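As the structure is a computational prediction, the values presented were derived from the model and not from experiment.
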Amino acid sequence: MKRIAGLALFFIGVGMVIALIAPKCVIVALIAAICLLAGYNLFCCS
């Protein structure tokens, strides 16, 4: 279950980064980075 949640969080982060070609808001970029890191940790480091 951790792998599925990690994969979902990782791709949510990827989608947010793609949507933010020019970051307009620092908070959204920070949330995207947190999603990428959390997703990677849950998927790969279980």
Heavy-atom closest pair, residues Leu9 and Ala38: CD1-CB, 4.1 Å
Look up atom CG in Asn41 and atom CZ in Phe10, then write down how far apart they are to the nearest 0.5 Å. 11.0 Å
For the atom pair CD1 (Ile34) and CD1 (Ile12), what is the distance rounded to the nearest 0.5 Å? 13.5 Å
Would you please name every residue forming a side chain to side chain contact (heavy atoms under 4.5 Å, CB included) with Ile31, sequence neighbours left out? Met16, Ile27, Cys35
Does Leu37 belong to the same Ile/Leu/Val/Met/Phe/Trp/Tyr cluster as Leu30, with side-chain heavy atoms less than 4.5 Å apart forming each link? no
According to a 4.5 Å side-chain heavy-atom criterion applied to Ile, Leu, Val, Met, Phe, Trp and Tyr, with indirect links allowed, do Phe43 and Val14 form part of one hydrophobic cluster? yes
When rounded to the nearest 0.5 angstrom, what distance separates CG in Leu7 from CG in Leu42? 10.5 Å
